[in-house]
2 protein chains.
Amino acid sequence: MSYNRHETLDCKRNPNKDCGVEAALAIISGKWKLKIFKALRQGAPVRFSLLKKELNDISEKTLAAQLREMEHDGLLTRVMYAEVPPRVEYSLTELGQKLEPLFLSLENLGLAYILQKMHNDTPVGI
Amino acid sequence: MSYNRHETLDCKRNPNKDCGVEAALAIISGKWKLKIFKALRQGAPVRFSLLKKELNDISEKTLAAQLREMEHDGLLTRVMYAEVPPRVEYSLTELGQKLEPLFLSLENLGLAYILQKMHNDTPVGI
DNA sequence: CAGCATCCGACACGATACTG
DNA sequence: CAGTATCGTGTCGGATGCTG
């Protein structure tokens, strides 16, 4: 999306009426954010390696970066266990769980979109 | 957000369980999409020049491109009047109006996020 | 196992100038 | 007025290799 996260998230610098909307958008923007949410939404903590497996084709760098952003945004917690081999588990915070209604809205919109597209019988064409 | 719209929107090529979610995300992804929605959500058609004014700092190229994408996605209609000077008006389709609940979810999430950030008293720090 | 460093490409977006 | 054409830029994310 090419959002400028840092500007968008700072409601002091960006104090318009829709700051909330924009902050929320910034929070979920990132190619993998909602897939990560999906992997965590059952509530149980999930390990880094398992996340990587569920989001196939994500690189470790990107996964770590997205997780760090989400942690910074307060969506999830990172718990590190000082073991050998190391283990790190991620789980949703309360705020993170508030993504659920958004997720459902997105699902609804997506369905409406898909239905309409099928109805129109207009292939994407690109 | 750097989504690959074309892949993401094509549910035949991308037939996983969350195709709807991803399609929806692709639809609203783009730095300006939701601001355009906001400008149109009252229902009345809006002219290109007015849109440009409301979304200050958007370039004409980008505005035209985002509008074209949204039209292609079936979110809005473009009506051209053969006048001098030319006039083009944009308004939401039925599908476009289905963005409303999503908008509200985003607002809620954004509010929760902002409240929590204030509560933590942790400046964004970046 | 988890994840950082580095290099690199793709693409979204911006600035500016030009048309019907 | 409502765009296109062209060029330039930054940011996101991928590939690979290295550490504790």
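These numbers were taken from a predicted model, which means no experiment stands behind them. Note: hydrogens, waters and symmetry copies are ignored here, and every other heavy atom, side chains too, is used.
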[N] OP1/OP2 closer than 4.0 Å to side-chain N/O of [X]:
{"X": "R47(A)", "N": "dA2(C)", "result": "yes"}
{"X": "Q66(A)", "N": "dC12(D)", "result": "no"}
{"X": "R68(B)", "N": "dG3(D)", "result": "no"}
{"X": "R78(B)", "N": "dA2(D)", "result": "no"}
{"X": "S49(A)", "N": "dC1(C)", "result": "no"}

- Note on the structure: Here the side-chain hydrogen bond (donor to acceptor under 3.5 Å, both in side chains) pairs for residues 92-101 of chain A, sequence neighbours left out, are R41(A)-E100(A)
- For L115(B), the hydrophobic cluster (side chain heavy atoms closer than 4.5 Å, chained through members) also holds none
- Message: Suppose clustering is done on Ile, Leu, Val, Met, Phe, Trp and Tyr with side-chain heavy atoms closer than 4.5 Å. Which residues sit in the same group as Y81(A)?
- Response: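 Taking Ile, Leu, Val, Met, Phe, Trp and Tyr as members, Y81(A) shares its hydrophobic cluster with V79(A).
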- Taking only residues two or more places apart in sequence or in another chain, which ones pass side chain to side chain contact (heavy atoms under 4.5 Å, CB included) with K53(B)? none
Over how many whole Å does the gap from [X] atom [atom1] to [N] atom [atom2] extend?
{"X": "R87(B)", "N": "dG3(D)", "atom1": "CZ", "atom2": "C1'", "result": "16 Å"}
{"X": "E69(B)", "N": "dC11(C)", "atom1": "CD", "atom2": "P", "result": "13 Å"}
{"X": "M80(A)", "N": "dA2(C)", "atom1": "CE", "atom2": "C1'", "result": "8 Å"}
{"X": "I28(B)", "N": "dA12(C)", "atom1": "CD1", "atom2": "P", "result": "16 Å"}
{"X": "F48(B)", "N": "dG20(C)", "atom1": "CZ", "atom2": "P", "result": "18 Å"}
{"X": "K33(A)", "N": "dG13(D)", "atom1": "NZ", "atom2": "C1'", "result": "12 Å"}
{"X": "L67(B)", "N": "dG3(D)", "atom1": "CG", "atom2": "C1'", "result": "11 Å"}

- Query: Partners of E83(B) by salt bridge (Lys or Arg N to Asp or Glu O under 4.0 Å), sequence neighbours excluded?
  - Reply: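 Checked E83(B) against salt bridge (Lys or Arg N to Asp or Glu O under 4.0 Å); matches are R87(B).
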Base, sugar-phosphate, or nothing: which does [X] touch, judged by heavy atoms less than 4.0 Å apart?
{"X": "E89(A)", "result": "nothing"}
{"X": "Y90(A)", "result": "sugar-phosphate"}
{"X": "E83(A)", "result": "nothing"}

- Task: Run the salt-bridge test on E69(A) and K33(A) with the 4.0 Å N-O cut-off and return the result as yes or no.
- Result: yes
- Message: Less than 4.0 angstrom from a charged side-chain N to a carboxylate O is my criterion; do E22(A) and K35(B) meet it?
- Response: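 The answer is yes: the pair qualifies as a salt bridge.
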Show me the protein contacts with nucleotides 14-20 of chain D, counting only N or O atoms at under 3.5 Å.
| residue | atom | partner | partner atom | Å |
| --- | --- | --- | --- | --- |
| dG14(D) | OP2 | T62(A) | OG1 | 2.7 |
| dG14(D) | O6 | K61(A) | NZ | 2.0 |

